[in-house]
There are 2 protein chains.
Amino acid sequence: METESTMKPKRPANPLALAVLGLLLEQPMHPHAIATTLRERELDRAFKVTTGSLYDVVRSLERAGWIAAQETARVGGRPERTVYTHTGQGREQFVAWLDELIRVPAKEYPKFISAISYLGALGRQAAREALTERAGHLAAEADRARAAWRDVVDAGRAPRLFMLELEYALRMIEAELAWVEQVAADIDSGTLAWPVAA
Amino acid sequence: METESTMKPKRPANPLALAVLGLLLEQPMHPHAIATTLRERELDRAFKVTTGSLYDVVRSLERAGWIAAQETARVGGRPERTVYTHTGQGREQFVAWLDELIRVPAKEYPKFISAISYLGALGRQAAREALTERAGHLAAEADRARAAWRDVVDAGRAPRLFMLELEYALRMIEAELAWVEQVAADIDSGTLAWPVAA
DNA sequence: ATCCGATCAGTCGGATCCGAGTATGTGCGC
DNA sequence: GCGCACATACTCGGATCCGACTGATCGGAT
């Protein structure tokens with residue numbers, strides 16, 4: 001039996017909460033503004049921003065005491081806007097959370113890995129084709145990322161620090177592309193044995 | 001207004017369903033056996049196998065008509081076991097799903113990316129330390145993966161085809177490690193400007 | 001004989017997720 | 001001065017997820 005005082009109010013699981021906190025640290029906002037700001041800054045590349053989840057996340061952040069409702073006003077006949085601020089605790093927890101996310105790699109389950117696990121079932125030829133198509137998509141994505149990076153950083157429109165996440169994504173895409181191309185080549189050359197009926 | 005016949009019964013979202021299907025294609029099984037088999041084969045590296053989700057996933061697969069209950073028997077006084085088989089439709093859909101997962105890269109939201117987006121907030125020094133610790137974890141993980149790969153493939157205990165998923169994971173870890181080390185080094189050398197107060 | 005921990009097989013309910021919906025306000029073309 | 005697309009701001013409910021629990025059985029050490 002655990003009393004209320006002994007149980008720790010574990011942090012929100014949804015990374016979107018991190019984004020919310022990050023914005024509120026700059027200035028108070030209402031949820032809708034948070035969503036639009038996130039999209040403006042293209043942080044929706046890194047966070048899955050869906051309205052439904054956003055309001056849930058904000059509520060749970062409030063329950064945890066990391067943010068607090070500041071005022072709730074109505075302009076015209078529109079729905080009310082509730083403006084939230086971060087709390088002192090919120091600031092601390094934000095940094096702690098961030099720190100841990102960086103320090104210790106979280107176990108993830110990318111869909112591609114699950115698919116590779118059953119690649120054999122696709123048959124040699126179909127696998128080769130599917131991989132080749134993927135390689136095309138990846139190459140295109142990498143190009144887009146490189147272009148976006150050049151546009152911003154080379155032009156001096158923002159320091160590299162703020163493009164790190166794009167840089168990382170690019171490196172990962174490149175690595176995946178290299179591997180996919182290698183496997184496709186190994187299928188072609190017969191280097192990769194295909195023990196299953198195909 | 002859409003009638004029942006016109007609406008397509010979209011495929012299960014949870015990749016665990018793919019794993020279930022994959023096993024049932026080999027032979028009929030009951031959920032508990034599916035879970036243990038998945039763990040034996042270490043497919044729980046690629047799929048998040050939790051009992052709760054498993055039973056949900058099986059139910060939804062049955063609703064979709066991709067698998068079917070074959071018999072439900074009781075041995076002794078234990079809970080009943082319901083054995084499931086794949087259906088013809090299940091076989092087709094499995095391949096189609098697999099094919100698409102390979103062909104088109106899905107948008108993912110790794111936690112690390114969300115953290116990098118706010119790396120600036122950590123401050124120069126703390127960021128450098130956190131990244132260094134991560135690098136350590138990643139290096140250890142890479143070592144483990146390399147060892148596991150050698151154990152199995154070099155020893156000829158299984159063909160490379162069945163280790164692809166481990167190979168892929170390893171390549172991605174290596175790429176991430178390289179990037180993390182680079183950024184840490186750039187912080188040290190002052191190459192990476194830190195515009196925010198720190 | 002019997003007690004204990006591991007194994008077997010599955011249920012349950014709370015938490016979370018998120019797409020679709022609601023309802024008003026604003027700007028602009030004609 | 002009317003219609004209509006778009007923006008504003010949030011709510012709702014179904015679907016899904018998953019940790020914690022139940023409760024029986026089995027094997028072996030005592």
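The sequence lines fix the lettering, A, B, ..., with proteins before strands; numbering per chain opens at 1. Below, each value reflects all heavy atoms present in this structure, side chains not excepted, and no hydrogens, waters or symmetry copies.
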- Counting side-chain heavy atoms from CB outward, which of D/dT11, C/dC17, C/dA9 is closest to A/Y55?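 The answer is D/dT11.
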
- Message: Taking only side-chain N and O atoms of B/K48, does any of them lie within less than 4.0 angstrom of OP1 or OP2 on D/dC17?
- Response: no

- Quick one: is A/N14 getting a side-chain N or O under 4.0 Å of the C/dT16 phosphate, OP1 or OP2? no

Using a heavy-atom cut-off of under 4.0 Å over every strand shown, decide if [X] touches base, sugar-phosphate, or nothing.
{"X": "A/R63", "value": "sugar-phosphate"}
{"X": "B/T51", "value": "base"}
{"X": "B/T50", "value": "sugar-phosphate"}

Decide yes or no for [X] and [Y]: does some side-chain heavy atom of the first lie under 4.5 Å from some side-chain heavy atom of the second?
{"X": "B/Y118", "Y": "A/L101", "result": "no"}
{"X": "A/D151", "Y": "A/R157", "result": "yes"}
{"X": "A/T82", "Y": "A/H30", "result": "no"}

Euclidean distance, atom [atom1] of residue [X] to atom [atom2] of [N] [Å, nearest integer]:
{"X": "A/H30", "N": "D/dA9", "atom1": "NE2", "atom2": "C1'", "answer": "8 Å"}
{"X": "B/L16", "N": "D/dT16", "atom1": "CG", "atom2": "C1'", "answer": "12 Å"}
{"X": "A/Y84", "N": "D/dC10", "atom1": "OH", "atom2": "C1'", "answer": "11 Å"}
{"X": "B/Y109", "N": "C/dC18", "atom1": "OH", "atom2": "C1'", "answer": "12 Å"}
{"X": "A/L54", "N": "D/dT11", "atom1": "CG", "atom2": "P", "answer": "11 Å"}
{"X": "A/H32", "N": "C/dT22", "atom1": "NE2", "atom2": "P", "answer": "18 Å"}
{"X": "A/M29", "N": "D/dC10", "atom1": "CE", "atom2": "C1'", "answer": "17 Å"}
{"X": "A/R39", "N": "D/dA9", "atom1": "CZ", "atom2": "C1'", "answer": "12 Å"}

- Task: Using heavy atoms to find the nearest nucleotide of DNA chain C for B/A33 and B/G52 separately, return the residue whose nucleotide is more 5′.
- Result: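 On the 5' side of the pair lies B/A33.
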
- Message: Parallel, tilted or perpendicular, judged at 30° and 60°: which one describes the rings of A/Y168 and B/F112?
- Response: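 Perpendicular: the ring planes of A/Y168 and B/F112 meet at over 60°.
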
- Kindly say whether, by distance alone, the side chain of B/D56 makes a donor-acceptor pair under 3.5 Å with the base of D/dC18?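 Present.
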
- Between A/R171 and A/E174, is there a side-chain N and carboxylate O pair less than 4.0 Å apart?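 Yes.
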
